[in-house]
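Everything below concerns the one structure shown next.
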Amino acid sequence: MASKKPRILEDNKDMVWSLVPLVLFCIIIAGIASQCTFSPGGPTQGPIPSVDIDAALNYDAKELGFPIRKPEVPEGWTPNSGSRKVVTGDGGGDSSTVGFITTNGSYIQLTQSNAEEFPLVSYVAGGQRFATGVEDIDGHTWNVFGGEGVEAIWVTDIDGVRLLITGAAPAEDFTTLARNAGQAEPIVP
């Protein structure tokens, strides 16, 4: 039977030497699974996923009980996401959301819904927000919900449909999307 090391010889060095085989084993498994890469210059921009925004909005126009608009967006904006969700709770309803990566690499999304304003804003923001101002874009008044350290949310009603814009894009991109969404004709299914 091996004799136990004296307590004075048990230290951090012993712990490190016992962890070395475990770390090496993890690195080998990660390498085999091709789940790790070494990038000494830091992370790099991967490809932007693309979505067929026409198909998504046409489908939502057929399925949802309110008019859906397809706004024209500037050249260089890439549609990269789309979803349809139900805003739950009092004043909730259906929603159709499409997202874009702008020419400067920022994200912006347009949500169209028949939900009431505050439940929709709370749903998208993940919590309660308060109005901090208004923006008038081509005769449509957009209520602005903002605050310190949060993404802005702009909301308006056009022809009985609530439009909401949010994202990390600058205010100029919000204005562009608000203008184009306000001018867009509803899709006829």
Side-chain angles (χ1 to χ4, degrees), residues 44-129 131 134-146 150-189:
T44 57
Q45 172 69 37
I48 297 172
S50 75
V51 170
D52 184 351
I53 194 170
D54 293 327
L57 291 176
N58 285 333
Y59 182 77
D60 288 350
K62 289 178 193 171
E63 298 294 319
L64 298 176
F66 55 89
I68 298 289
R69 299 166 181 270
K70 182 194 173 287
E72 293 298 319
V73 294
E75 188 174 326
W77 284 28
T78 304
N80 78 324
S81 60
S83 66
R84 189 171 67 178
K85 297 184 179 175
V86 175
V87 178
T88 57
D90 291 339
D94 294 315
S95 69
S96 170
T97 300
V98 291
F100 305 90
I101 301 297
T102 64
T103 50
N104 67 2
S106 298
Y107 178 76
I108 191 166
Q109 77 178 37
L110 171 67
T111 299
Q112 303 177 66
S113 180
N114 60 354
E116 293 177 8
E117 182 173 41
F118 290 110
L120 179 62
V121 169
S122 294
Y123 180 79
V124 170
Q128 190 174 19
R129 287 276 188 88
V134 295
E135 292 286 336
D136 185 40
I137 311 292
D138 292 344
H140 299 288
T141 300
W142 293 78
N143 294 325
V144 177
F145 296 80
V150 297
E151 293 178 346
I153 296 176
W154 291 16
V155 182
T156 195
D157 292 342
I158 299 177
D159 299 331
V161 177
R162 188 144 293 115
L163 304 181
L164 179 147
I165 299 172
T166 190
E172 303 83 48
D173 291 338
F174 273 65
T175 301
T176 299
L177 187 54
R179 178 172 289 117
N180 293 351
Q183 295 172 351
E185 292 295 322
I187 298 170
V188 179

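Other residues, nucleotides and ligands contribute over 12 non-hydrogen atoms within 6.0 Å of the CD atom of E63. Environment of OH in Y107: crowded, with over 12 heavy atoms of neighbouring residues, nucleotides or ligands closer than 6.0 Å.
Of all non-hydrogen atoms in L163 and L110, the two that sit nearest each other are CB-CD1, 4.3 Å.
Salt bridge annotation for D60-K70: absent, with no cationic side-chain nitrogen under 4.0 angstrom from a carboxylate oxygen.
With rounding to the nearest 0.5 angstrom, the OG1 atom of T166 is 5.0 Å from the CZ atom of F174. If you take CG on L164 and CD on Q109, they are separated by 7.0 Å, rounding to the nearest 0.5 Å. Once rounded to the nearest 0.5 Å, the distance linking CD1 of I48 with CD1 of I101 reads 5.5 Å. The line from CD of Q183 to NE2 of H140 is 8.0 Å long, rounded to the nearest 0.5 Å. How far OH of Y59 is from CD1 of I187: 14.0 Å, rounded to the nearest 0.5 Å. In this structure, CD on E117 lies 4.5 Å from CG on N143, to the nearest 0.5 angstrom.
Panel note: side chain S106, backbone T102; no donor-acceptor pair is recorded below 3.5 Å. Not a single donor-acceptor pair under 3.5 Å links the side chain of R162 to the backbone N or O of D157. Of the possible polar contacts, one joining the T156 side chain to the T141 backbone as a donor-acceptor pair under 3.5 Å is found. Side-chain N or O atoms of D138 include none that pairs as donor or acceptor with a backbone N or O of R179 at under 3.5 Å.
Under the 3.5 Å distance criterion, with hydrogens and angles disregarded, no donor-acceptor pair is assigned to the side chains of S113 and S95. Checked by atom type, the side-chain pair T78/N80 shows no donor-acceptor distance below 3.5 Å.
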